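Below you'll find the structure, written out as structure tokens, and then a few comments.
All chains are named by letter (A, B, ...) in the order of the sequence lines, taking the proteins before the strands, and each is independently numbered beginning at 1. Nothing here was measured: the structure is a model prediction, and the numbers come from that model.
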Number of protein chains: 2
Amino acid sequence: MTRQKIEIKKIDNISARQVTFSKRRRGLFKKAHELSTLCDAEIALMVFSNTGKLFDYSSSSMQQVIQRHNLHSQELGLSEHPSIELQLELSNQTMLSKELAEKTRELRQLKGEELQEMTIKDLQKLEKLLVGGITRVSQAKNFQEDRVLKDISSLKRKEVQLMEENWRLKQAQHLTPENGHSSECITIVCSSLADIPQDYDTSDTSLKLGLPFPD
Amino acid sequence: MTRQKIEIKKIDNISARQVTFSKRRRGLFKKAHELSTLCDAEIALMVFSNTGKLFDYSSSSMQQVIQRHNLHSQELGLSEHPSIELQLELSNQTMLSKELAEKTRELRQLKGEELQEMTIKDLQKLEKLLVGGITRVSQAKNFQEDRVLKDISSLKRKEVQLMEENWRLKQAQHLTPENGHSSECITIVCSSLADIPQDYDTSDTSLKLGLPFPD
DNA sequence: CGAACTATATATAACAC
DNA sequence: TGTGTTATATATAGTTC
């Protein structure tokens, strides 16, 4: 709808999709609000991102609008059909189960545990997916590792500075011995050391920075 | 938002309000649909005009989205006193939802779409998993491709044999011309050709047999 | 990333029929 | 009330930082 017209179909590029999602979501919510204000309408809007995150808007109360919707669509609100809710839940559950089974299968295939039935074409698709995944994972890992290395060198620099400072203070103390300020300096050193990321596992022997395929 | 900018507050003029309502309502629904398509989001939109008329849209099923919303908001607003069965189903469903969410997350991580929060250790684990997956997938692919190649060469051998057979029969026919047995041979050729795996896509230009990382 | 910035595509207020 | 037209306000795709 700008720079270039786009086709209305699922956006393949992941980050582009996320950006578009938050932009358009905001736009949609704004429009919904405007409509409810301008025309005195009662509106409820629910949006689930593909990551499962919920965003909702309601001109009044969400529950109120849903109740009203239920009244309209069927007579669900009262217990005409005592088990209609149950039926709903059941069908819902069936669906959930199916989805779960599907995801489980996909997961197993990605892990290479269920490849017998697959065609060459499917395998090629899978391979592409995995290569994409590994590329992104490696990038993320490198990024984190870089961050840790930077943290370390920054801490080392701090350490040197503090030691120098400490030394200077000690010298000063020698010249005019008053109170024990040296303990304060040690405190500073300790608190800055606590900033080291906890998740950096030093027991891992190799810190590979490149792609996992050396040749 | 055109000819003249308008203030976002209730439109006094009744007919103008109605016109605006139907125009903007259509626009809103269109946007909602576009968002759900582009970003693979699940959306429910309910609009009540001030005359009490209901308009709604849902990317999947309205009830489904409402259920999902209820799960999120933890308020199961449908019934005051849910039956034992319903409670059971609901808890069951909650569990399923959690499992599904977990699998979805894992899947996204394998695809490299949700790596922000991960520690180096987790990323290393993920990488290992992906390398394992890609190894097995490549093996499976190679196996399938080998099979296809073997099928092809076997068919070629058969073809040669049959052509020779055919030729011999023709020669024999020339010497003692009786009945047309040649058509029978053609039948054999056709039936063996039908054994070529259907899923082998010859439109794919490259038939890579090695690992997908050339260097 | 996310925020900011265009250049365009869309949506729509006012008007006409 | 519905439909169509038009001039303008908005929304937003692609891009930059």
Exercise. Which part of the nucleic acid, if any, lies within contact of Gln18(A), taking any heavy atom under 4.0 Å across all strands shown: a base, the sugar-phosphate backbone alone, or nothing?
Worked result: nothing
Exercise. Separation of Glu34(B) atom CD from dA9(C) atom P, in whole Å?
Worked result: 15 Å
For this session: Respond yes when some side-chain nitrogen or oxygen of Arg3(A) is under 4.0 Å from OP1 or OP2 of dC5(C), and no when none is.
Result: no
Seminar exercise, completed: Between CZ of Arg26(B) and P of dA11(C) the distance, given in whole Å, is 12 Å
Problem set entry | Proximity to the side chain of Lys31(A) - top-ranked nucleotide from dA11(D), dT10(C), dA7(D) | dA11(D)
Problem set entry | Interatomic distance, Leu28(B) CG vs dA11(D) P [rounded to whole Å] | 12 Å
Problem set entry | Note: Lys156(B)-Glu159(B) ion pair, threshold 4.0 Å (strictly below) | no
Exercise. Just checking, is any N or O donor in the side chain of Ser138(B) or Glu127(A) under 3.5 Å from an acceptor N or O on the other one?
Worked result: yes
For this session: Round to the nearest Å and state the distance from Asn13(A) atom CG to dC1(C) atom C1'.
Result: 14 Å
For this session: Kindly say if Lys23(A) contacts the phosphate of dA13(D), meaning a side-chain N or O under 4.0 Å from OP1 or OP2.
Result: no
Seminar exercise, completed: Asp12(A) CG to dG14(D) P, in whole Å, measures 12 Å
For this session: Could you check whether the rings of Phe48(B) and His72(A) sit parallel, tilted or perpendicular, using 30° and 60° as the cut-offs?
Result: tilted
Problem set entry | Whichever of Gly27(B) and Val19(B) has its nearest DNA chain C nucleotide further upstream toward 5' | Gly27(B)
For this session: Mind calculating the distance between CD (Glu7(B)) and C1' (dA9(D)) to the nearest angstrom?
Result: 16 Å
Problem set entry | By side chain to side chain donor-acceptor pair (under 3.5 Å) - contacts of Arg105(A) (at least two apart) | Glu102(A), Gln109(A)
Seminar exercise, completed: When rounded to whole Å, the CZ to C1' distance for the pair Arg17(A) and dG2(C) reads 19 Å
Problem set entry | Toward the 5' end of DNA chain D, by each residue's nearest nucleotide, Leu38(B) or Ile6(B) | Ile6(B)
For this session: Could you pick out which residue, Thr20(B) or Lys5(A), lies toward the 5' side of DNA chain C when each is mapped onto its nearest nucleotide?
Result: Lys5(A)
Exercise. Within this structure, what is the CZ-to-P distance between Arg25(B) and dA13(C), rounded to whole angstrom?
Worked result: 14 Å
Problem set entry | Salt bridge Asp146(B)-Lys150(B), side-chain N to carboxylate O under 4.0 Å | no
Problem set entry | Nucleotide nearest Lys30(B) when distance is taken to its side chain, options dA13(D), dA11(D), dT10(C) | dT10(C)
